[in-house]
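Below you'll find the structure, written out as structure tokens, and then a few comments.
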Protein chains: 2
Amino acid sequence: MRDIASQRSLDHTLIALADPTRRAILQRLSEGEARVTELAQPFAMSLNAVSKHIRILERARLVRRRRAGREHRLSFNQGPLDAAAAWIEARRALWTARLDALDALLCAEDCAASTAPDKVSTGQTKKKGRSR
Amino acid sequence: MRDIASQRSLDHTLIALADPTRRAILQRLSEGEARVTELAQPFAMSLNAVSKHIRILERARLVRRRRAGREHRLSFNQGPLDAAAAWIEARRALWTARLDALDALLCAEDCAASTAPDKVSTGQTKKKGRSR
DNA sequence: CCTACATTCAACCTTTAGGTTGAATTATGC
DNA sequence: GCATAATTCAACCTAAAGGTTGAATGTAGG
């Protein structure tokens, strides 16, 4: 039942990352705090548009806001990236495992049927040329 | 000028990942090939809806299609995940580097100003309790 | 051949994303 | 106090996402 919440927050994180403007903002913030106007400056769009992007980054908790008088200091928050990276890594691991199993199978066949063994006995079960 | 293309493909990858249905489909496919109907079966939505999700996964090149008679065999393609993981890792690295630099600064101050040195001289410049 | 299956295409609906402009809010600094 | 700066709020637009249903396509198999 905790799954459904982390599902949603993963959604929010990935949605937030899936836009070049927002990725640029995050890039900037990963180098240090900034105000809204500063963040908006490099972009050929209204301040309002950037403000909305920031809200989406906040929804994903990738960005935090600290009100300091009339200006808002935005800062990067790494946490959600970890979850996203973990998800991606898990699929990669699964897939790699599967390909390795396949390699093993193919190699077993090869080893059994092969009539021209060229450096065959070196125990090479590792992932090698498989397309990917 | 190659950047703009890889930007777009990163967009497509992250957009594709930013939906729970599509992540579930990818999860399934990372365990092995499947047909459209098989993929659709676990979901409480029309076959058509799933078909559309698959098209988005194909646009991101996360899924490949092999027509075999009247049925289409879908398979997982890991490549785009690598790019996404790389982007995420780069921001994490930047951020971590920055926090470490900050820690170093703070520690330098602490070391200079501290009047109640409790195990101070142990050369602890490492990242420790910083929030994250 | 003809039916039944696997899949997409086409048209439609509703919600959200991404952007605009203009007005409201709130703090600063003379 | 008052102009001005830093933000957001509100209303609107257009396009895309995510879903539906119904018809079209193409292949399989008795």
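The chains referred to below are lettered A, B, ... by the order of the sequence lines, with proteins before strands, and numbering in each begins at 1.
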Rounded to whole Å, the CG-C1' distance (Leu14(A) to dA17(C)) equals 16 Å

Separation of dG19(C) atom P from Ile54(A) atom CD1, nearest Å, is 13 Å

**Request:** Please determine if a side-chain N or O atom of Ser51(B) lies less than 4.0 Å away from the OP1 or OP2 oxygen of dT8(C).
**Result:** yes

Classify Arg67(B) by what it touches in the nucleic acid, base, sugar-phosphate, or nothing, heavy-atom distance under 4.0 Å. nothing

Q.
Test of understanding: clusters of I, L, V, M, F, W, Y form through side-chain heavy atoms closer than 4.5 Å, transitively. Do Ile15(A) and Val63(A) belong to the same one?
A. no

| task | Pick base, sugar-phosphate or nothing for Ile15(A), based on heavy-atom distances below 4.0 Å to the nucleic acid. | result | nothing

ask   = Would you say Ser46(A) reaches dT20(C)'s phosphate, i.e. side-chain N/O to OP1/OP2 under 4.0 Å?
value = yes

Between CZ of Arg55(B) and C1' of dG18(D) the distance, given in whole Å, is 12 Å

Quick note, Glu71(A) side chain, CB onward, closest among dA6(D), dG18(D), dT8(D) is dA6(D)

With the side chain defined as heavy atoms from C-beta on, Lys52(B) is closest, among dG18(C), dG18(D), dT8(D), to dG18(D)

Can you confirm whether Met45(B) sits close enough to Val50(B) that some side-chain heavy atom of one is under 4.5 Å from a side-chain heavy atom of the other?
yes

### Message
When you measure from the side-chain N and O atoms of Arg70(A) to the phosphate of dT7(D), is any distance below 4.0 Å, counting only OP1 and OP2?
### Response
no

Comparing Met45(A) with Glu38(B), nearest DNA chain C nucleotide closer to 5' gives the residue Glu38(B)

His53(A) atom NE2 is separated from dT16(C) atom P, nearest whole Å, by 18 Å

Taken to the nearest whole Å, CD1/Ile56(A) to C1'/dA17(D) is 14 Å

Leu47(B) atom CG is separated from dA23(D) atom C1', nearest whole Å, by 15 Å

Check this one for me: any side-chain N or O of Arg59(A) less than 4.0 Å away from OP1 or OP2 of dA17(C)? yes

Closest to the 5' end of DNA chain C, once Glu58(B) and Ala68(A) are matched to their nearest nucleotides, is Glu58(B)

Check your understanding: Can you tell if the side chain of Asp11(B) reaches within under 4.5 Å of the side chain of Pro20(A), non-hydrogen atoms only?
Key -> yes

Would you please confirm or rule out a distance under 4.0 Å between OP1 or OP2 of dT7(D) and any side-chain N or O of Arg73(A)?
-> no

Tested for salt bridge (Lys or Arg N to Asp or Glu O under 4.0 Å) against Glu58(B), the lone hit among Arg64(B), Arg22(B), Arg65(B), Lys52(B) is Arg65(B)

Testing dG18(C), dT20(D), dA6(D) for proximity to the side chain of Thr37(A), the answer is dA6(D)

Regarding the side chain of Asp19(A), the nearest nucleotide among dG18(C), dG19(C), dG19(D) is dG18(C)

Shortest non-hydrogen pair, Ala84(B) vs Leu14(B), comes out as CB-CD2, 4.3 Å

inquiry  = Would you say Arg22(B) places a side-chain N or O within less than 4.0 Å of OP1 or OP2 belonging to dG18(D)?
reply    = yes

- Can you check whether His72(B) has a side-chain N or O nearer than 4.0 Å to OP1 or OP2 of dT8(C)? yes

State plainly whether one hydrophobic cluster holds both Leu29(A) and Leu47(A), where clusters connect Ile, Leu, Val, Met, Phe, Trp and Tyr through side-chain heavy atoms under 4.5 angstrom apart.
yes

Practice problem: Classify the nucleic acid contact of Asn48(B) as base, sugar-phosphate or nothing, counting any heavy atom under 4.0 Å across all strands shown. | Solution: base

Between NE2 of His12(A) and P of dT16(C) the distance, given in whole Å, is 10 Å

